[in-house]
Amino acid sequence: MGGESKLTDKQILGFSRWLAFVGAFLAMFMISPYEYAFSAFSHDVTQFFHISAVFLGTVFTVNVFLESVFGWPAGFVRDRYGPWLLQLIAAFLVGIGYFAAIFGSPALLMWVYAVIGGIGAGIVYNNSVTVANKWFPDHRATVAGTISAGFSWGSIPIILLIGILPRTQPIAVFKSIMLGLAITSFVIILISAFLMRRDPPKGWKPSTYNPQSSRSKLIRATDYQFTFSETVRTWQFWILVITFLLVASEGLTIVSKAVQYGLYFHFALIIAVAASLGSSIMAGLGKFITGVVSDAIGVIKTLILFYALSGIFTLLSVLFGTIHNEIGFVTSVALAILTWASIYTVNPASIGYFYGEVASGNNYGLLYAIAKGSGAIYGGVLTAIMITSLGWINTMVISGLFGIIAALLAIPLLWKIPRPPRKA
């Protein structure tokens, strides 16, 4: 094993590790519309296929929940057998899921788009984001943030294309977009499987890795590789779970309902769609910025700062909506999403920094499954119920407070880093 750890990335993969990064980014790009284009997508489906908004909210929740939960078993398998076969399976599941949306059938939307597509997206997500911990301990947060950004930016062309539907033959164009998405995602994810085909051996580090630089920022306390069972016994892991859950719930409320949120305040549809499109752009940008900042000042400092800001900007969106300030509303929504998106960078990076690379797929898979899976239930179904009973303003104020509470709960992580267990 010691000899293997001295191999270069090109000797292990047959090409540069940066191509594995490219494959991961492109695969994330292709699963993005499941979540980040859903607000624009659902608006059209309710119009063209006469499917209720409540049912589509449930479809969103099921899809995001399964995408979140299936990242955990995918991480378990990936840590033991590598990403290759998993990614091949996911290519079929993701493509079939998109294809099902063409028919506008409630049953197909639920059982194929939401369930099969959600499982495929969960496999792709964990496989892709774990590339940062496996191959890039020297640029962990920046690479994790950039790969995660693909999960947001992949929706931008779909949102733009869906935006032209009312001017042409809407149903025909919509079906063409989804068919193209199904075929393209299948091909791209197959290519990514080849580029991400192997993980480095245990103990492998690139020549540019400098552990002392990481430790100086209190972001890697030890080179000890925690097992999954050792990880879940640390209280720091559960602080990450709770804070991730709170901020995921806050942001998914906006992501799933951005258009409806804008229309509640009687903004023009173009303003509401701008808030939705801005969400996708800013979410990707936020993930990338968070990675750069984390590698510069430390991941936990960045986590606390961005969580607090996400809550503040969500509360400001309520204020600007109430006073009917269009620019302020779109800007605050965009900045709320930019800072909320940090959860998808700081959490995989924190798992790698705190607990090591070997079990990172399994460790982050559980964190992601619990936190985002529960957040999906809140952001999709529970907020729909809350909006009906409490109203938009009260619901969004509660969501904004989640971000501020999460920041306060994470403060102890600044000086209490997980330590290796004592051996008997």
Side-chain angles (χ1 to χ4, degrees), residues 20-21 24-25 27-28 31 64-83 86-87 90 119 121-137 139-151 196 199-200 202 219-221 224-245 247-248 287 290-291 294 299-300 302-303 341-376 410 413 417-418:
F21 158 76
F25 177 85
M28 289 282 259
I31 63 170
V64 177
F65 178 80
L66 290 175
E67 178 260 317
S68 308
V69 169
F70 266 81
W72 184 20
F76 176 84
V77 173
R78 191 250 172 81
D79 285 339
R80 283 155 181 76
Y81 304 107
L86 281 170
Q87 201 78 344
I119 292 171
I123 294 171
V124 169
Y125 184 92
N126 188 287
N127 251 358
S128 300
V129 80
T130 304
V131 165
N133 278 326
K134 298 289 189 180
W135 281 108
F136 295 92
H139 305 290
R140 196 186 309 267
T142 300
V143 170
T146 307
I147 291 172
S148 295
F151 192 38
M196 297 162 52
D199 285 333
K202 182 178 180 179
I219 51 179
R220 183 75 175 105
Y224 181 80
Q225 298 289 329
F226 284 73
T227 65
F228 174 73
S229 62
E230 290 169 344
T231 297
V232 298
R233 291 191 190 106
T234 66
W235 62 265
Q236 290 93 339
F237 177 82
W238 296 103
I239 290 290
L240 290 174
V241 169
I242 293 168
T243 55
F244 191 161
L245 167 57
V247 181
K287 292 169 184 177
T290 305
S294 294
V299 69
I300 299 303
T302 307
L303 180 153
S342 64
I343 58 177
Y344 302 114
T345 298
V346 295
N347 283 289
S350 295
I351 288 294
Y353 285 131
F354 281 177
Y355 304 110
E357 298 78 41
V358 173
S360 57
N362 202 6
N363 289 339
Y364 182 61
L366 177 61
L367 169 64
Y368 188 77
I370 297 174
K372 193 182 176 187
S374 303
L413 298 178
I417 295 174

Shortest non-hydrogen contact from Ala74 toward Ile123: CB-CA, 4.0 Å

CZ-CD1 distance between Phe226 and Ile351, expressed to the nearest 0.5 angstrom: 10.5 Å

Reported OH-to-OG1 distance for the pair Tyr355 and Thr231, which is rounded to 0.5 angstrom: 6.0 Å

Nearest non-hydrogen partners of Ser294 and Ala141, listed with the distance: CB-CB, 3.6 Å

Closest non-hydrogen atom pair between Val232 and Trp238, with its separation: O-NE1, 2.7 Å

Beyond-backbone contact of Val129 with Ser148, side-chain heavy atoms, under 4.5 angstrom: yes

Close side-chain approach of Gln236 to Ile417, heavy-atom, < 4.5 Å: no

Exceeds 12 heavy-atom contacts within 6.0 angstrom, atom CZ of Phe136: yes

Backbone N/O of Lys287 and side chain of Thr345: donor-acceptor pair under 3.5 Å: yes

Pro73 and Val77, any side-chain heavy atoms less than 4.5 Å apart: no

Salt bridge (charged side-chain N to carboxylate O under 4.0 Å, His left out), paired with Glu357, selected from Lys134, Lys202, Arg140: Arg140

Steps toward side chain to side chain contact (heavy atoms under 4.5 Å, CB included) verdict (Phe21, His139): CA-CA 11 Å; Phe21 158 76; His139 305 290; over 6 Å; no

Gap separating the CG atom of Leu413 from the OG atom of Ser350, nearest 0.5 angstrom: 7.5 Å

Distance, nearest 0.5 Å, that separates CZ of Phe228 from CH2 of Trp72: 4.5 Å

Separation of Thr290 OG1 from Ile343 CD1 (nearest 0.5 Å): 10.0 Å

Stepwise side chain to side chain contact (heavy atoms under 4.5 Å, CB included) check, Phe244 with Tyr344: CA-CA 9 Å; Phe244 191 161; Tyr344 302 114; 4.0 Å; yes

Pro348 and Thr130, any side-chain heavy atoms less than 4.5 Å apart: no

Shortest non-hydrogen separation from Arg78 to Val131 and the atoms involved: NH2-CG2, 4.0 Å

Asn126 side-chain N/O to Gly361 backbone N/O, donor-acceptor pair under 3.5 Å: yes

Non-hydrogen side-chain atoms of Tyr125 and Phe151 separated by less than 4.5 Å: yes

Any Trp135 side-chain heavy atom under 4.5 Å of Asp199 side chain: yes

Straight-line distance of Asn363 CG to Phe237 CZ, nearest 0.5 Å: 6.5 Å

Contact summary for Ala371 and Ala248, nearest pair of heavy atoms: O-CB, 4.2 Å

Side-chain donor/acceptor of Thr243 to backbone N/O of Leu240, under 3.5 Å: yes

Min side-chain heavy-atom separation Ile147-Val143 under 4.5 Å: yes

Thr302 vs Ser342 side-chain heavy atoms within contact, under 4.5 Å: no

Contact summary for Val124 and Ala90, nearest pair of heavy atoms: CG2-CB, 3.5 Å

